[in-house]
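Report on the following structure.
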Amino acid sequence: MSIKDIVRDNPKFKNLAIRLMMPRNQARPRLWVKWFINPFRHKKGKRSLIRRRTRMDVMPWNRFELGNDSTIEDFATINNGVGDILIGERTRIGLGNTLIGPVHVGNDIMFAQNVVVSGLNHGYEDVTKPIHNQPTNTQLITIEDGAWIAANSVLTAGITVGKNAVVAAGSIVVRDVAPFTIVAGNPAKPVKQYNPETKQWEKVK
């Protein structure tokens, strides 16, 4: 059994390791983790850019990858504490976005401003405990190549946004979005789909 397995399987060792890597009741890594571990653990592609005022709550026990020619803009928050965050090539994570893993983002994707993508849900069933003391659960969010996520949208845990789909501004996405489909509203519903025969985006009846 490896040291990693021993730490993971023993609650006391696990809590000690977490405390050494991040301050109590905080989501950020300690500076020594940020400077001396994360650069060797995570991948940042050629010509990719993470703006100076981005909040990188990135821990070494889960993956973080940013592909070639991709950008994470100022005031965004990236948190891989409970799941991997993988971002493809030529993708832009917009101003003020929040990504909480597990999230897989493809290539050539546009995120506008103030988008929230969270693969994390908090348990709330036990009313004798505060929600922050209850178990969490995670479900992967997948955003396929060429999608456009417009401003102030929320993508909830477990959904997939298909290739070249569009999520309209202010939408709350609670179920999968088919490829080449535009969704809007709360909850988001299809409003247009691309017809390859007419080569037009047509209203969904």
Does [Y] offer a backbone N or O that forms a donor-acceptor pair with the side chain of [X] under 3.5 Å?
X	Y	result
Thr181	Pro179	yes
Asn38	Val58	yes
Asp176	Thr160	yes
Asn114	Asn152	no
Asn97	Gly94	yes
Asp84	Asn62	no
Ser118	Ala157	no
Arg92	Ala112	no
Asn107	Glu89	yes
Thr91	Asp108	yes

Do the side chains of [Y] and [X] get nearer than 4.5 Å, heavy atoms only?
X	Y	answer
Tyr194	Asn164	no
Met56	Arg28	no
Leu31	Phe36	no
Val117	Ile149	no
Met22	Val33	no

[atom1]-[atom2] distance between [X] and [Y], expressed to the nearest 0.5 angstrom:
X	Y	atom1	atom2	value
Asp126	Ile131	CG	CD1	10.5 Å
Asn121	Gln134	CG	CD	12.5 Å
Phe75	Leu95	CZ	CG	7.5 Å
Arg30	Met21	CZ	CE	10.5 Å
Ile159	Leu140	CD1	CG	9.5 Å
Thr142	Glu144	OG1	CD	7.0 Å

Between [X] and [Y], which heavy-atom pair has the shortest distance, and what is it?
X	Y	value
Ser171	Val167	CB-CG1, 3.7 Å
Gly146	Ile109	N-CG1, 3.7 Å
Ala147	Val161	CB-CG1, 4.1 Å
Val177	Ala165	CG1-CB, 3.7 Å
Gly119	Pro102	O-CD, 3.8 Å
Asp145	Gly106	OD1-CA, 3.4 Å

Quick one, Asn80 with Trp61, criterion side-chain contact (heavy atoms from CB on, under 4.5 Å). Give me CA distance, side-chain angles, the key distance, then yes/no. CA-CA 9 Å; Asn80 77 335; Trp61 57 73; 5.9 Å; no
If hydrophobic clusters are built by linking Ile, Leu, Val, Met, Phe, Trp and Tyr wherever their side-chain heavy atoms come under 4.5 Å apart, do [X] and [Y] end up in the same one?
X	Y	answer
Phe111	Ile78	yes
Val115	Ile100	no
Met59	Leu66	no
Val116	Val174	yes
Phe180	Trp148	yes

Before giving the answer on side-chain contact (heavy atoms from CB on, under 4.5 Å), spell out for Ile72 and Ile87 the whole-Å C-alpha distance, their side-chain angles and the decisive distance to 0.1 Å. CA-CA 10 Å; Ile72 301 176; Ile87 300 170; 4.2 Å; yes
Describe, in one word, how the ring planes of Phe64 and His42 are oriented to each other, choosing from parallel (under 30°), tilted (30 to 60°) and perpendicular (over 60°).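 If you compare the ring of Phe64 with that of His42, the planes turn out perpendicular.
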Using side-chain contact (heavy atoms from CB on, under 4.5 Å), reason through Lys189 and Val191 one step at a time and then give a plain yes or no. CA-CA 6 Å; Lys189 297 179 180 179; Val191 293; 5.7 Å; no
NZ of Lys34: more than 12 outside heavy atoms within 6.0 angstrom?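 No, the 6.0 Å shell around NZ holds no more than 12 heavy atoms from other groups.
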Check whether more than 12 heavy atoms from other residues, nucleotides or ligands sit under 6.0 Å from atom CZ of Arg175, and answer yes or no.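 It does not: Arg175 CZ has 12 such atoms or fewer within range.
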Hey, are Asp74 and Arg51 close enough for a salt bridge, meaning a charged N less than 4.0 Å from a carboxylate O?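 A salt bridge is absent here (no side-chain N lies under 4.0 Å from a carboxylate O).
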May I ask you to say whether Arg90 pairs ionically with Asp69, meaning some side-chain N is under 4.0 Å from a carboxylate O?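 Judged by the 4.0 Å cut-off on N to carboxylate O distance, Arg90 and Asp69 do not form a salt bridge.
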CA sep, side-chain torsions, deciding dist, call: Thr54, Ile93, side-chain contact (heavy atoms from CB on, under 4.5 Å): CA-CA 10 Å; Thr54 296; Ile93 307 300; over 6 Å; no
